[in-house]
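The figures here come from the full heavy-atom set of this structure, side chains too, leaving out hydrogens, waters and symmetry mates. Every chain is numbered from 1 and lettered A, B, ... according to where its sequence line falls, protein lines coming before strand lines. These numbers were taken from a predicted model, which means no experiment stands behind them.
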Protein chains: 2
Amino acid sequence: MDKAGTSNQESLLKLENFLCFAIYSTANAVTRAYQPRLAALGLTYPQYLVMVVLWEEENQTVKAIGEKLSLDSGTLTPLLKRLETAGLITRRRDTVDERQVLIGLTADGRAMRARAEAVPVAMGKAFGCNMDEAKSLRSELISMRDNLVDSIEEVK
Amino acid sequence: MDKAGTSNQESLLKLENFLCFAIYSTANAVTRAYQPRLAALGLTYPQYLVMVVLWEEENQTVKAIGEKLSLDSGTLTPLLKRLETAGLITRRRDTVDERQVLIGLTADGRAMRARAEAVPVAMGKAFGCNMDEAKSLRSELISMRDNLVDSIEEVK
DNA sequence: TATAATTTAATTGTGTGCAATCTATTTGAC
DNA sequence: GTCAAATAGATTGCACACAATTAAATTATA
């Protein structure tokens, strides 16, 4: 306790010191910053991520996409339906295992890739850090994310 | 172009290289990791942030809280109403400037602070990094967030 | 001092995130 | 081979985020 009677732990409850808030508010800023650049493609940021996953490999299951993006079917199912309505992807049951739904690209969805290449270029500048900084920051975040995911298992 | 006919920009559209996705998925993991620790308090993660802001200083306007958390009234108004219903905060119009709504704490809301001090302690371990790492990562994220915010103005 | 411009919250509508539950299908244990 | 367990996806319900609009109050300006 200091003279004012406040505990040493007080500084732990200050927003200014929160690593979690730095992550949270930066993530919100990322989504907001992408929005005007994705508007030309008619995509939201999570929809853009799904398209990126599909441009890397077509005909993935909902589960596979969900594992890559850490999103569950409650989030993906309606999102994928919107992409289907937009004419960018196809959804069809796997004939071998009918529990699975395979997500493919339409010609429009495939063609969008060329236009999408401008997005990371523009965003790279917006982040305002060089390749090396981005790389080390990315790996630090990912290792922290993995720590957080592991910690949830422990609490349960 | 390489032999396969793919452009050099291809690697820019790989999820694996996305700094934005590292931020996005880590932020989601943060919210998920906080959830079981905040369940005892009956708070969501954004609600917890609002309470932290109010524990630092009572009787702030919605606008002041929004500026600190980078959230607008569309997000805050319903969230604050839920905290009011939960008996943690008070909402009253400023008598001097009736456009403003002052947010205060109830006795219950004030008392919650002591119990909340366990949260950053538990989460500190979950993040799995030491104080210095957390500090530098936080400042890197904040400077990047500021860059992103500035970049949005430029696009508009 | 009228009134136009600005400011503050609230509201509306869309799109996530995620827990919990449900249905259909497949796999496993016996 | 049958039935229980596991798996994949869809559905439901709740709580954000945020753009766009609205309403009320205040400030600025002619």
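Side-chain N/O atoms of B/Q100 include none lying less than 4.0 angstrom from OP1 or OP2 on D/dT26. Of the side-chain N and O atoms in A/T77, one or more sit less than 4.0 angstrom from OP1 or OP2 of D/dA10. Between B/R93 and the phosphate of D/dA25, there is no side-chain N or O to OP1/OP2 separation shorter than 4.0 Å. Taking 4.0 angstrom as the limit, A/K81 places a side-chain polar atom (N or O) nearer than this to OP1 or OP2 of D/dT11. At C/dA9, one or more side-chain N or O atoms of B/T61 fall inside 4.0 Å of OP1 or OP2 (strictly under the cut-off). Look at A/Q47 and you'll find a side-chain N or O under 4.0 angstrom from OP1 or OP2 of C/dT16. Note on A/R99: every side-chain N or O is 4.0 Å or more away from OP1 and OP2 of C/dC22.
Within the 4.5 Å cutoff, the side chain of A/N28 has heavy atoms near those of the B/L71 side chain.
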Show your reasoning for whether side-chain contact (heavy atoms from CB on, under 4.5 Å) applies to B/L12 and A/E117.
-> CA-CA 7 Å; B/L12 286 178; A/E117 283 176 353; over 6 Å; no
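In this structure, B/R92 atom CZ and C/dT8 atom C1' are separated by 16 Å, rounded to whole Å. For the pair A/F21 CZ and D/dA17 C1', the interatomic distance rounds to 14 Å; values are reported in whole Å. In this structure, the CE atom of B/M51 is 18 Å from the C1' atom of D/dC16, given to the nearest Å. Between A/Y48 atom OH and C/dT16 atom C1' the separation is 18 Å, expressed in whole Å.
A tilted orientation is assigned to the rings of B/Y34 and B/Y48, their planes being inclined by 30° to 60°.
Nearest to the side chain of A/D72, among C/dA19, D/dC16, D/dA25, sits C/dA19.
In this structure, B/R92 contributes its side chain and B/V101 its backbone to no donor-acceptor pair below 3.5 Å. Not a single donor-acceptor pair under 3.5 Å links the side chain of A/T77 to the backbone N or O of A/G74. Between the side chain of A/N147 and the backbone N or O of A/D150 there is no donor-acceptor pair closer than 3.5 Å. Between the side chain of A/R138 and the backbone N or O of B/A22 there is no donor-acceptor pair closer than 3.5 Å.
Within the helix from C/dT1-D/dA30 to C/dC30-D/dG1, the inter-axis angle between the opening and closing five-pair segments is 10°, rounded to 10°.
Ranked by how close their nearest DNA chain C nucleotide is to the 5' end, A/T95 and A/L71 are led by A/L71. Mapping A/D97 and A/P78 onto DNA chain C by nearest heavy atom places A/P78 at the nucleotide closer to the 5' end.
Contacts between residues 24-44 of chain A and DNA chain D, defined by a heavy-atom separation below 4.0 Å, involve A/Y24, A/N28, A/R32, listed by number.
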